[in-house]
Protein chains: 2
Amino acid sequence: MTKAEKRPVLTDVALAAGVSVATASKALNGRNHVNKNTRQRVLDAAEKLKFSPNPFAQALNFPVTGTIGVLTADLSSRFVLPILMGVEEAFGAGSTSVIISDARKDLVRERFLLQTLIAKRVDGIIVLGDDANARPSLSEHVPVPVVYAYTPSVLATDCSFTPDNAMGATLAIDHLVARGRRKIAMINGEPRFEAAQERSSAAHAALQSHGLGFVSGEVLYGDWSESWGRQGVRALLNARLDFDGIFCGSDQIARGVVDALREEGRSVPHDVGVVGFDDWELFSTTSRPPLTTIDMNLEHMGRAVAGELAVAIAGVTRPGLHKLPVRLVPRESTAGLDGSLANREDAAGGPLKA
Amino acid sequence: MTKAEKRPVLTDVALAAGVSVATASKALNGRNHVNKNTRQRVLDAAEKLKFSPNPFAQALNFPVTGTIGVLTADLSSRFVLPILMGVEEAFGAGSTSVIISDARKDLVRERFLLQTLIAKRVDGIIVLGDDANARPSLSEHVPVPVVYAYTPSVLATDCSFTPDNAMGATLAIDHLVARGRRKIAMINGEPRFEAAQERSSAAHAALQSHGLGFVSGEVLYGDWSESWGRQGVRALLNARLDFDGIFCGSDQIARGVVDALREEGRSVPHDVGVVGFDDWELFSTTSRPPLTTIDMNLEHMGRAVAGELAVAIAGVTRPGLHKLPVRLVPRESTAGLDGSLANREDAAGGPLKA
DNA sequence: CTGAAAGCGCTAACAA
DNA sequence: TTGTTAGCGCTTTCAG
């Protein structure tokens, strides 16, 4: 690494262009009242010197600093990362810096990091959770706009974004029914998660709208694991239930489900159609067969949240819980008996991914 | 969110404490030559006003800015995230901000983001890759220290950190041999990855040191997928090879391997001991049985890299390729025939994780 | 259209 | 031990 020879400052540019710093500043910032030629001379000089303005000096003159903070509950979470990527994409390439701080599920640490972000004068904060259960608001303690992503704030006056779980469940059930399945069960994750509850109720409602109910009478709850997916299938089998479709609370569960079905000699999709949730490609595309599933569009959510924060920083707040649409990604686990994949209408506007 | 009422500045604190700004500054920064009582008065005032210094004003007076940039090749990579977490842990809680920019595997974008980071006056940059293949150096174009993580720079004069793949392979083979396996095969990933090559050669060397060789004569290469793991097992079986141990290039491959072995009626670990690589818990702990594997300690690498960058910023550069030790995590896939897990010596100092 | 001068919030000489 | 003063690099009145 080359030792930092002092960087050119505005004075150097002005000197090189033969104007005052004031004029140089105006020229560089596209202010009016600068002669076209003068401006060009300044621009050339800046170019030649590879001048770039010191953002700290600029920040000193403006109310906004050009940095935003992302406070994550758990950076390692499968849901956090895609959202972070969307945020980064929306901000990172521009003039806004994204500072990350990871609370590692520690509320004390979260408070501390929040204070640190504030001390660093971020213009706004994105609070990024890893489950759908509403969380305490932080906004009281914060002098800048806050937007909550994935995990909403309990306060309706805060601005939160979550995926539309109900829509996902409805899409899943409608898809199974459209594929001719009538005897449908649901193997869900942990009931203490609101996401699980929302998916259950919406699935139930969707079934009813088709004049159907769960073959098992009620939703099976377990944890979010493959292992539970396998157990769930065995439970259905042991109960001697006749079923031809299973909607799973997550792709991990779904993978366990298709593995168990295969091991028990049931063909997917021939005997049983399976729909997952999350479109976690690690599972959805490597499963045998690949999984039809619900894509929550998390990266898009990241961009939406970033946009909303930008708007909020500009002074326009749009409080409330914003549920973002999800889409169904059809794959082989619900293919028609002729092996055809689901048709376009099912895809809810999205292209096939795998 | 509460509208930002103007924040207190040093002048306010000074005023409240009845001293000059200079004294207030000294008191707050723990400089000498300040009366104990005076200092306390200032501290109290600052506390009461909830004063926190404007970091931009501070940065203007110092050569360092208190921000570092992390330039990732691909934020969504399984290897990048743990390292990033280590970096964040090392820096985030302190006074240094971590700005992330994700190049998304695009070299043009990488160059652009690099310029952006420089324009933002970061004190140093961590270049975070997602494979072990040496990459072009960026350091030429950068006026601040750069440390490369996971993916090393081609330049020996740069400072790079990678996991010690050879050590991992050696641990794996030694472990299999210690567990009584003598007929060992290796199912590796894509040969174009240096990580794959290093693991192969070290495994070969380790076998030789025990007077052994690969039962298959040579290493089997494929991609890094479960599906290839299954194929690899079938290839060994079709070749009617007698084997009792398999070292896999990744946990994903290993998972495919144990699945295929089970489906073919071979017991793991009874008939065949299997060792993976990566300790990607998503696979290593949910596999049936759970996988003995090599943990690359990526989060620790993140901390090490962060520390090294801090040192470099302070002016001490330690160029070269630093290979960080890895460790073996024993689980059931290589358990003794009595079901016992591997003993402590095998664990290379680390506790069991799952 | 251009430039001199003031000031953003803070730190550091230098006096007092 | 304290306060005065002069910047750090930039933007912005306000004269010229």
Side-chain angles (χ1 to χ4, degrees), chain A residues 4-46 49-67 95 118-123 143, chain B residues 4-46 49-67 95 118-123 143:
Chain A
E5 58 269 4
K6 200 173 158 353
R7 304 197 194 200
V9 296
L10 190 55
T11 312
D12 301 324
V13 176
L15 215 63
V19 298
S20 73
V21 287
T23 305
S25 172
K26 287 172 204 155
L28 255 9
N29 293 305
R31 291 282 178 292
N32 310 326
H33 309 302
V34 178
N35 181 297
K36 231 176 168 204
N37 299 320
T38 314
R39 161 160 300 150
Q40 195 53 52
R41 234 170 339 119
V42 173
L43 256 26
D44 290 344
L49 294 174
K50 290 168 168 302
F51 167 80
S52 78
N54 184 324
F56 297 94
Q58 294 189 123
L60 218 40
N61 287 289
F62 285 106
V64 295
T65 62
T67 58
S95 54
I118 295 172
K120 283 172 183 162
R121 301 295 203 270
V122 294
D123 294 329
Chain B
E5 59 270 6
K6 197 170 159 352
R7 303 194 194 205
V9 294
L10 191 54
T11 312
D12 301 325
V13 177
L15 215 64
V19 298
S20 73
V21 286
T23 305
S25 172
K26 287 174 206 155
L28 256 9
N29 294 304
R31 292 280 179 291
N32 311 323
H33 310 302
V34 177
N35 182 298
K36 230 173 167 207
N37 299 320
T38 313
R39 161 160 301 150
Q40 196 52 53
R41 233 172 337 121
V42 173
L43 257 25
D44 290 345
L49 295 174
K50 290 167 170 300
F51 167 80
S52 78
N54 184 324
F56 297 95
Q58 294 189 122
L60 218 39
N61 286 287
F62 286 106
V64 296
T65 62
T67 58
S95 55
I118 295 172
K120 283 170 183 162
R121 300 296 203 270
V122 293
D123 295 329

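Only heavy atoms go into these numbers, but all of them, side chains included; no hydrogens, no water, no symmetry mates. Lettering follows sequence order; numbering is per chain, from 1. Here the structure is a predicted model, which is why all the values come from computation and not from measurement.
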(message) Roughly what angle, to 10°, lies between the helix axis at the start of the helix from C:dC1-D:dG16 to C:dA16-D:dT1 and the one at its end, five pairs per end?
(response)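 It works out to 40° between the end axes.
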Can you tell me how far [atom2] of [N] sits from [atom1] of [X], to the nearest Å?
X       : N      : atom1 : atom2 : value
A:Arg41 : C:dT2  : CZ    : P     : 8 Å
B:Asn37 : D:dT1  : CG    : P     : 11 Å
A:Leu28 : D:dG9  : CG    : C1'   : 13 Å
B:Phe62 : D:dG7  : CZ    : P     : 18 Å
A:Asp12 : D:dC10 : CG    : C1'   : 13 Å

(message) Return the CZ to OG1 distance between A:Phe56 and A:Thr65, rounded to the nearest 0.5 Å.
(response)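 Between A:Phe56 CZ and A:Thr65 OG1, I get 10.0 Å after rounding to 0.5 Å.
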(request) Taking only the side-chain heavy atoms of A:Ser20 (C-beta and beyond), determine which of C:dG3, D:dT2, C:dA12 contains the nearest atom. (result)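 When the side chain of A:Ser20 is considered, C:dG3 is the closest of C:dG3, D:dT2, C:dA12.
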(request) Report the nucleotide, chosen from C:dG3, D:dT2, D:dT11, that has the shortest atom-to-atom distance to any side-chain atom of A:Thr23. (result)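 Of C:dG3, D:dT2, D:dT11, C:dG3 is nearest to the side chain of A:Thr23.
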Which atom pairs, one a donor and one an acceptor, fall under 3.5 Å between side chains of residues 17-29 of chain A and the rest of the protein, sequence neighbours left out?
residue : atom : partner : partner atom : Å
A:Ser20 : OG   : A:Ala22 : N            : 3.4
A:Ser20 : OG   : A:Thr23 : N            : 3.2
A:Ser20 : OG   : A:Thr23 : OG1          : 3.2
A:Ser25 : OG   : A:Asn29 : ND2          : 3.4
A:Asn29 : ND2  : A:Ser25 : O            : 2.8

(message) Is the phosphate of D:dT12 approached by A:Arg31 (side-chain N or O, under 4.0 Å from OP1 or OP2)?
(response)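 Affirmative; the distance criterion is met.
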(request) Before giving the answer on side chain to side chain contact (heavy atoms under 4.5 Å, CB included), spell out for B:Phe51 and B:Leu10 the whole-Å C-alpha distance, their side-chain angles and the decisive distance to 0.1 Å. (result) CA-CA 8 Å; B:Phe51 167 80; B:Leu10 191 54; 4.1 Å; yes
Show the distances under 3.5 angstrom between N or O atoms of the protein and N or O atoms of nucleotides 14-16 of chain D.
none

(message) Donor-acceptor pair, distance only, cut-off 3.5 Å: does the side chain of B:Arg7 make one with the backbone of B:Asn54?
(response)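 Looks like no, no N/O pair under 3.5 Å.
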(request) Would you confirm whether B:Asp123, through its side chain, and B:Val64, through its main-chain N or O, come within 3.5 Å as a donor-acceptor pair? (result)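 No, because the side chain of B:Asp123 does not come within donor-acceptor range (under 3.5 Å) of the backbone of B:Val64.
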(message) Quick check: closest heavy atoms across A:Asn35 and A:Asn37, and the distance to 0.1 Å?
(response)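 For A:Asn35 and A:Asn37, the tightest heavy-atom pair comes out as OD1-N, 2.6 Å.
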(request) Can you see which heavy atom on A:Ala46 is nearest to which on A:Val13, and at what distance? (result)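 The pair with the smallest heavy-atom distance is N-CG1, 3.8 Å.
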(message) Among residues at least two apart in sequence or on other chains, which ones pass side chain to side chain donor-acceptor pair (under 3.5 Å) with B:Asp44?
(response)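 By the side chain to side chain donor-acceptor pair (under 3.5 Å) rule, B:Asp44 matches B:Gln40.
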(message) Going by side chain to side chain donor-acceptor pair (under 3.5 Å), name the residues that satisfy it together with A:Ser52, two or more places apart in sequence or in a different chain.
(response)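 Expected list: B:Arg121.
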(message) Both B:Thr38 and A:Asn29 contact DNA chain D. Taking the nearest nucleotide for each, which residue is further toward the 5' end?
(response)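 With B:Thr38 and A:Asn29 compared, the 5'-side residue is B:Thr38.
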Polar atom pairs between nucleotides 5-9 of chain C and protein, under 3.5 Å, N or O only, would you list them?
residue : atom : partner : partner atom : Å
C:dG7   : N2   : A:Asn61 : OD1          : 3.1
C:dC8   : O2   : A:Asn61 : OD1          : 3.2
C:dG9   : OP1  : B:Lys6  : NZ           : 3.4
C:dG9   : N2   : B:Ala57 : O            : 3.4
C:dG9   : N2   : B:Asn61 : ND2          : 3.2

(message) Can you confirm whether B:Ile118 sits close enough to B:Pro143 that some side-chain heavy atom of one is under 4.5 Å from a side-chain heavy atom of the other?
(response)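 Sidechains of B:Pro143 and B:Ile118: in contact.
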(message) Are A:Val42 and A:Arg39 packed together at the side-chain level, in the sense that at least one heavy-atom pair is separated by less than 4.5 angstrom?
(response)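 When only atoms from C-beta onward are counted, A:Arg39 and A:Val42 do not touch, as no gap falls below 4.5 Å.
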